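All values below come from the heavy atoms of this structure, side chains included, with hydrogens, waters and symmetry mates left out. All residue numbers in this chain count up from 1 along the given sequence. All values derive from a computational prediction rather than experimental measurement.
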Amino acid sequence: MAWLRRSRDCEQIRPLVELTGQFLIGEIDAASYDVRFREVFSGMAPVEEERFFALENLAVACDSYVEDPGLRDQPEDLDEDGLRAAAVQALVRLALV
């Protein structure tokens with residue numbers, strides 16, 4: 001993730017990027033990722049607007065994640081695959097800004 005090293009916000013976003021990487025490679029499951037992402041994101045220092053929007057969109061995806069398939073009753077409810085897709089999109093967006 002060379003792009004992360006050149007970011008002036010790298011220290012602020014690094015924990016979220018690393019956590020997201022752990023989720024994407026299967027080191028942690030979606031439910032654990034959801035909880036840990038919320039904890040880290042809520043305590044994050046301010047970052048550039050474009051980076052914040054990418055992470056905020058991912059926070060919204062975490063809010064939409066519903067672990068129990070029987071409780072997914074809204075069109076915006078996400079399963080693990082949907083959360084994973086949002087995580088990939090956020091990392092791509094972060095790499096481009």
Participant: Hey, could you give me the CD/CG distance between E67 and D79, rounded to the nearest 0.5 Å?
Facilitator: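 Here the interatomic distance stands at 11.5 Å.
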Participant: Give the minimum heavy-atom separation between E80 and A30, together with the two atoms involved.
Facilitator: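 Looks like CG-CB, 3.5 Å.
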Participant: Indicate, with yes or no, if L19 and V92 share a hydrophobic cluster defined by side-chain heavy-atom contacts under 4.5 Å among Ile, Leu, Val, Met, Phe, Trp and Tyr.
Facilitator: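 Yes; tracing contacts between hydrophobic side chains, which count when under 4.5 Å, links both residues.
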Participant: When you group the ILVMFWY residues by side-chain heavy-atom contacts below 4.5 Å and let the links chain together, are V60 and I13 in the same group?
Facilitator: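 Shared cluster, no.
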Participant: How about L78 and V66: do any of their side-chain heavy atoms sit closer than 4.5 Å?
Facilitator: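 Not in contact.
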Participant: Going by heavy atoms in the side chains, are F37 and Y65 under 4.5 Å from each other?
Facilitator: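 When only atoms from C-beta onward are counted, Y65 and F37 do not touch, as no gap falls below 4.5 Å.
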Participant: Salt bridge check, R36 against E39: does any charged N sit closer than 4.0 Å to a carboxylate O?
Facilitator: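 Salt bridge: no.
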Participant: Using a 6.0 Å cut-off, check whether atom CD of E76 has over 12 heavy atoms from anything other than its own residue.
Facilitator: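 Check passes, neighbour count above 12.
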Participant: Would you indicate whether the side-chain heavy atoms of C62 and L83 approach each other to under 4.5 Å?
Facilitator: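 A side-chain contact under 4.5 Å exists here.
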Participant: Does the cation-pi check pass for R93 over F53, that is, NZ or CZ under 6.0 Å from the six-membered ring centre and within 45° of its axis?
Facilitator: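 No, a cation-pi geometry is absent between R93 and F53.
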Participant: Below 4.0 angstrom, N of the basic side chain to O of the carboxylate: do R72 and D68 qualify?
Facilitator: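 The answer is no: the pair does not qualify as a salt bridge.
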Participant: Rounded to the nearest 0.5 Å, how far does CD of E11 lie from CE of M44?
Facilitator: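 Rounded to the nearest 0.5 Å, the CE-CD separation comes out at 13.5 Å.
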Participant: Do side-chain atoms of D77 reach the backbone of D73 as a donor and acceptor pair under 3.5 angstrom?
Facilitator: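 Yes; judged by distance alone, with no hydrogens or angles, the pair exists.
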Participant: Kindly check if the number of other-residue, nucleotide or ligand heavy atoms within 6.0 Å of CD (E56) is above 12?
Facilitator: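 Counting other residues, nucleotides and ligands, CD of E56 exceeds 12 neighbours.
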Participant: Mind checking whether L94 and L55 have side chains closer than 4.5 Å, heavy atoms only?
Facilitator: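 Result yes, sub-4.5 Å side-chain heavy-atom pair found.
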Participant: Transitively linked via ILVMFWY side-chain contacts under 4.5 Å: L24 with V35?
Facilitator: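 They do not share one cluster, since no chain of ILVMFWY contacts under 4.5 Å joins L24 to V35.
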Participant: Would you call Y33 and R84 a side-chain contact if the rule is heavy atoms closer than 4.5 Å?
Facilitator: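 A side-chain contact under 4.5 Å is absent here.
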Participant: Give the minimum heavy-atom separation between A90 and A54, together with the two atoms involved.
Facilitator: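 Answer, listing the atom of A90 first, then A54: CB-O, 3.9 Å.
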Participant: Would you say L16 and L58 make side-chain contact, with heavy atoms under 4.5 Å?
Facilitator: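 With C-beta onward as the side chain, the pair stays apart.
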